[in-house]
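Reminder, nothing fancy here: chain letters follow the sequence lines and each chain counts from 1.
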2 protein chains.
Amino acid sequence: MTSVEEPARSGERIRDAARTRAEILDVATQEFARAGYDGARVDEIAARTRTTKRMIYYYFGGKEQLFTAVLERAYGVIREAEQELDVDHLDPVAAIRRLAELTFDHHEQHPDFIRLVSIENIHEAHHIAGSEKLGKIGSPALDVIRRILASGQESGLFTADVDAVDLHAMISSFCFFRVSNRHTFGALFGRDLLDGAQRAHYRAMLGDMVIAYLTAERSAG
Amino acid sequence: MTSVEEPARSGERIRDAARTRAEILDVATQEFARAGYDGARVDEIAARTRTTKRMIYYYFGGKEQLFTAVLERAYGVIREAEQELDVDHLDPVAAIRRLAELTFDHHEQHPDFIRLVSIENIHEAHHIAGSEKLGKIGSPALDVIRRILASGQESGLFTADVDAVDLHAMISSFCFFRVSNRHTFGALFGRDLLDGAQRAHYRAMLGDMVIAYLTAERSAG
DNA sequence: TCACTAATGTACGAACTAGTACGTTAGCTA
DNA sequence: TAGCTAACGTACTAGTTCGTACATTAGTGA
C-alpha cells in the first residue's frame, strides 16, 4: 500500500502536493487500521509524516474525510487486482478456482484492508455511503464470476441455480474471516489461520469447497 | 443478552450488587458494540444505567476490564447454546447441517456478539489473552464436530482428511461474514445479506456448501 | 440497636484531542 | 524580477473523557 518513494534530500524543504497527500494517506491507512476510527489519532498520523497536522486538514478537510479517502484507495487496490484477472482461457472449474485464489492471496497480503473494512462495518458503512467514488461501482470480480458461472451452467458442469453475488459472498467470507478473525480464532482455538505452513492447505480447501458446492447435486427438500 | 429484570419500585433506592453489575454489563455490551472500544464512552454507559459512573469503576476497575467482562459474557452465551446441541440421534449429514444451522441462527440473532468479536480482533485479541475465563476453554461445538466427523468418516460418507477446527472455521466464516460485513457488502453490492426473504436461502446454501465439501471426491493435485 | 462495611452518589481535575487562527515561504508566471 | 498563490508551519483553544477524592447511606451481624 505504500505509494511514497523517498526523494528526501534531508534538510531541504521541498514542496510537493502529490507527495505530501500520498504520504498522509499511507500513514493514515496504517494508523486507522491499527487502532480503529476512534482509536486513531490525527496528531499521531501527522507526527509520522514529514508534514504537520495542518496539512491533513488542508488536503482532506478532517478526520472523517481522511478515513473515507483511505477507504477509497484501499478498495481501489483490490479492484485493480480483480481487473487484471484473466481467466477466459481456462475451463470453468479452473477459472473459479483461480478467482478464489486471487481473493485468498489479496486478502492475505492486505491485512490493513481487511481491518479497514471491519472498522467500516462497525460504523455501518457510513463512509462508503457518503462517498461518491465508492457508491455503486460494484466489483470487477462480479463480472468475472457471472461469465464463468454462465459458461459452467451452460455446459452442465455447475448447478444451475447459483447466483454470482452469493458465490462472491461465499468466497469472500472464507478469505476475509481467515484474516479478520485471526486473533480471536487463534486465542480461542490455538490455531493461527495465517500460519505459513498451513497456507497451501487453506488455499486448496477454499477451492475444494467452492467447486464441491458448484458441482454437487442438490438434495431435494 | 438482557439479563436485568425490573424490580424497580420507583423513587426508592434499593441496593442490589448483582443487579447493578448486570445492568452495567447490559448497557456496556450495547455501547461497545455500537461504537467500538475507543468510540464507547464510559459516561454514556453510566448515563443509560440506573447507577453512576462510580459504580463501573467500583465493580470492574476500568474501561478495559469492563470490555473484557462484556466479552466473557458474550462468549458464554454462545457456549451455552452449543452445549444444548443434541445431534447424537441424527445421521452425520443431518448432524453437520444441524450444527451449521445453529451457528447460522446464533450469529444472526446476536449481532452485538459479532460486532464485539470484530472489535476484539481490531485490538488483536488482547482482552481475550488477558482473560482467565477465556483463555483456552475452546468450544463445545468442536467436540460435537469431532464426533460427527469421526462417525461420518468411519462410514465412508465423508472425505477422510477433514479437520474439526478447519470445518469450524469454514462454518463460522460464512455465518460471521454475513453479519459482520452486512453493511459494506450491502453498500457495495446492493444486497442485504440479512434480508429476511433470503434467510432460508442462505441457511440452505451454508448447509449445502458444507455437505458438498464433506462428501465430495477430492481431485488429485 | 449499634456499629461496621458494602454499596452508592457528587463533584472535580488532569490529560488528551480534533480542529483553527494566523503567519510564512517556495516556486511559478507574466 | 516582481508578485501572486498554493503549500506549509506554529501555536493555541474549546470541548471532551477517563478516572478519582471524598462524602454518604442501606442493610446486616453481633
**Student:** I want to check one thing: is the phosphate of D:dC8, taken as OP1 and OP2, less than 4.0 Å away from some side-chain N or O of A:Thr20?
**Tutor:** yes
**Student:** Can a donor-acceptor pair under 3.5 Å be found between the side-chain atoms of B:Arg54 and the base atoms of C:dG9?
**Tutor:** yes
**Student:** Which residues pass the ring pair (Phe, Tyr, Trp, His ring centres under 6.0 Å) test with A:Phe176, not counting sequence neighbours?
**Tutor:**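 Per chain and number, A:Phe176 pairs via ring pair (Phe, Tyr, Trp, His ring centres under 6.0 Å) with B:Phe177.
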**Student:** Would you mind classifying the nucleic acid contact of A:Thr51 as base, sugar-phosphate or nothing, using non-hydrogen atoms under 4.0 angstrom?
**Tutor:**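 Contact class for A:Thr51: sugar-phosphate only.
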**Student:** Rounded to the nearest Å, what distance is computed from the CG atom of residue B:Asp16 to the P atom of nucleotide C:dA7?
**Tutor:** 10 Å
**Student:** Considering only NZ, NE, NH1 and NH2 on the basic side and carboxylate oxygens on the acidic side, decide whether A:Asp38 and A:Lys63 come within less than 4.0 Å.
**Tutor:** no
**Student:** Please identify which of these residues, B:Gln83, B:Arg79, B:Glu82, meets the side-chain hydrogen bond (donor to acceptor under 3.5 Å, both in side chains) condition with B:Ser139.
**Tutor:** B:Glu82
**Student:** Which residues pass the ring pair (Phe, Tyr, Trp, His ring centres under 6.0 Å) test with A:Phe67, sequence neighbours left out?
**Tutor:** A:Phe32, A:Tyr37, A:His127
**Student:** I'd like to know if B:Arg203 pairs up with B:Glu108 as an ion pair, taking the criterion as any Lys NZ or Arg NE/NH1/NH2 lying under 4.0 Å from an Asp or Glu carboxylate oxygen.
**Tutor:**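 No, this pair does not count.
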**Student:** From CG of A:Asp38 over to P of D:dT16, roughly how many Å is that when rounded to an integer?
**Tutor:**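 Rounded to whole Å, this separation is 15 Å.
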**Student:** Classify A:Ala40 by what it touches in the nucleic acid, base, sugar-phosphate, or nothing, heavy-atom distance under 4.0 Å.
**Tutor:**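 It contacts sugar-phosphate atoms only.
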**Student:** Closest approach to the side chain of A:Lys53, judged atom by atom: which nucleotide of C:dG9, D:dA7, C:dG19 is it?
**Tutor:** C:dG19
**Student:** Could you give the CZ-to-C1' distance, from A:Arg15 to C:dA26, as a whole number of Å?
**Tutor:**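 In whole Å, C:dA26 C1' lies 4 Å from A:Arg15 CZ.
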**Student:** Rounded to the Å, how far apart are B:Asp43 CG and D:dT16 C1'?
**Tutor:**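 Distance check: B:Asp43 CG to D:dT16 C1' gives 9 Å.
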**Student:** Closer than 4.0 angstrom, basic N to acidic O: yes or no for B:Arg34 and B:Glu31?
**Tutor:**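 A salt bridge links B:Arg34 with B:Glu31.
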**Student:** Which listed nucleotide (D:dA7, D:dC18, C:dA18) is nearest to the side chain of B:Arg41?
**Tutor:**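 Of D:dA7, D:dC18, C:dA18, D:dC18 is nearest to the side chain of B:Arg41.
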**Student:** Grab the CD-C1' distance between B:Glu44 and D:dC18 for me, whole Å please.
**Tutor:**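 That distance rounds to 15 Å.
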**Student:** Could you walk me through whether B:Asp166 and A:Tyr202 pass the side chain to side chain contact (heavy atoms under 4.5 Å, CB included) check?
**Tutor:** CA-CA 8 Å; B:Asp166 289 349; A:Tyr202 284 122; 2.6 Å; yes
**Student:** Listed in order of residue number, which residues of residues 55-68 of chain B have a non-hydrogen atom at under 4.0 Å from DNA chain C?
**Tutor:**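 Hits under 4.0 Å, by residue number: B:Met55, B:Tyr58, B:Tyr59.
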